[in-house]
There are 2 protein chains.
Amino acid sequence: MEFSSKLLEQAVIEVSRLPGIGKRTALRLVLHLLRQPETQTRQLSDALVSLREKILLCKNCHNISDTAFCEICANPARDSRTVCVVEDIRDVLAIENTGQYQGQYHVLGGKISPLDGIGPGQLNIRTLVEKVRLGQIDEIIFALSANIEGDTTNFYIYRQIENFPVKMTTIARGIPVGDELEFTDEVTLGRSLMQRIPFEGSQKLN
Amino acid sequence: MEFSSKLLEQAVIEVSRLPGIGKRTALRLVLHLLRQPETQTRQLSDALVSLREKILLCKNCHNISDTAFCEICANPARDSRTVCVVEDIRDVLAIENTGQYQGQYHVLGGKISPLDGIGPGQLNIRTLVEKVRLGQIDEIIFALSANIEGDTTNFYIYRQIENFPVKMTTIARGIPVGDELEFTDEVTLGRSLMQRIPFEGSQKLN
């Protein structure tokens, strides 16, 4: 695309560096900003810059946070001896939105994935193992994605802490609430049969 | 969505004010920025703010421009007596990308659309009519969208200048190059039959 304006061109180039945004979409977004009051662009820009410059990682769980310890870790009502291990902050948000979890989190920052060049050393695994060794955790709940990288990561952590007195669980895999049985994939359906649960307990949340 | 960080929340809110971007996409974009070097966020922010603060509208054609007259209007090689009338800057970019046009543009800034509350007064029509009245234009090429608002706008302009010695044309409507005849809508196919062109001239561009 040829632009008659260098300012426009620069803005489109920068916006289109964001993932999933091509030149055409970037142009649409930028032209939209031009039609809005100048304050909107200023607010957007300020929000992004101050986020990038001021954001911290929680010293306890590695979740992103405005303060040295995130709101969840700083909350005395949360059970610090139950720790849910997740990949990234989006998983924390998803679990928080259920309102069903009162423990803390441990954000790994990804999964072990040799194909992408991500080994255990790049993830926040050491600090988790350390907490277990110091006897600070009663239960670890693995809540990584149910795929080969997730399983590998779970297993890697498991091997590091298997000799310590910590209970390890994973979130239940099964048929999503509201889904039709006939459209469920075989692996999920198979697992949900093998790991069936007592009927009395199954109705609790609904 | 509940965020554990006010900074994150603010950034997501601002990004999701952009058209077609929901909270979930905004979060993905913002987290992407957090994983990139700080300079990228800074560059994005600077590009948007300086575009919004410094951009001008070309005094001749109303195209957006870094200077009082846009690169196209300032270019002496372009034919200032042929003017292509378009809705907005995206149309200018599209036509420039063809490399087939050597005249100037006139950017209306939209189409007459009473349902959206846009009347002729909100568009850059007066300046175009003025140029025609002063005898500065030999040919006006209407290149608005082929829908009822586009046709209304064309006709409104036509009525204002019909008594002046200016040639008026519209870009050809027809079957897109490479398209199958059987899948073309009836209106386009009908028009392309009625407005058929001599065979010798039709092969020029391909």
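Everything quoted here is computed from the prediction, not taken from an experiment. Each chain gets a letter, A, B and so on, in the order its sequence line appears, and its residues count up from 1. What you see below is based on every heavy atom in this structure, not just the backbone, and it leaves out hydrogens, waters and symmetry mates.
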Non-hydrogen side-chain atoms of [X] and [Y] separated by less than 4.5 Å:
{"X": "B:Q36", "Y": "A:R17", "answer": "no"}
{"X": "A:I89", "Y": "B:L8", "answer": "yes"}
{"X": "A:Q40", "Y": "B:R52", "answer": "no"}
{"X": "A:I64", "Y": "B:L7", "answer": "no"}
{"X": "B:L93", "Y": "A:L27", "answer": "yes"}
{"X": "B:V15", "Y": "A:L48", "answer": "yes"}

Residues of residues 151-159 of chain B within contact distance of chain A, non-hydrogen under 4.5 Å = none
query = Going by residue number, which parts of residues 122-134 of chain B are within reach of chain A, meaning a heavy-atom gap below 4.5 Å?
reply = none
note = If you tally heavy-atom pairs under 4.5 Å between each of A:A47, A:G20, A:C70 and chain B, the highest tally belongs to A:A47
request  = Flag the one option from A:V30, A:L31, A:I72 with the top tally of heavy-atom pairs under 4.5 Å to chain B.
outcome  = A:L31
ask   = For B:E186, which residues count as a side-chain contact (heavy atoms from CB on, under 4.5 Å) partner, sequence neighbours excluded?
value = none
task = Could you tell me which non-hydrogen atom of B:S45 sits nearest to which non-hydrogen atom of A:S45, and how far apart they are?
result = OG-OG, 2.6 Å
ask   = If every non-hydrogen atom of A:P19 is compared with every non-hydrogen atom of B:L29, which pair is closest and at what distance?
value = O-CD2, 3.5 Å
inquiry  = Show every salt bridge (charged side-chain N to carboxylate O under 4.0 Å, His left out) that has at least one partner inside residues 37-49 of chain A, sequence neighbours left out.
reply    = A:R42-B:E53
message = I'd like to verify something: which residue of B:Q10, B:R35, B:E14 has the highest number of heavy-atom pairs under 4.5 Å with chain A?
response = B:E14
note = Given B:L34, B:V49, B:T25, the one with more heavy-atom pairs under 4.5 angstrom with chain A than any other is B:L34
query = Got more than 12 heavy atoms from elsewhere within 6.0 Å of CD1, A:I171?
reply = yes
Distance (rounded to the nearest 0.5 Å) between [X] [atom1] and [Y] [atom2]:
{"X": "B:E9", "Y": "A:L51", "atom1": "CD", "atom2": "CG", "answer": "12.0 Å"}
{"X": "B:K6", "Y": "A:E71", "atom1": "NZ", "atom2": "CD", "answer": "5.5 Å"}
{"X": "A:R24", "Y": "B:R90", "atom1": "CZ", "atom2": "CZ", "answer": "9.5 Å"}

ask   = A:I21 versus chain B, heavy atoms under 4.5 Å apart: side chain, backbone, both or neither?
value = side chain
message = Quick check on B:I13 against chain A: is it the side chain, the backbone, both or neither that has a heavy atom closer than 4.5 Å?
response = neither
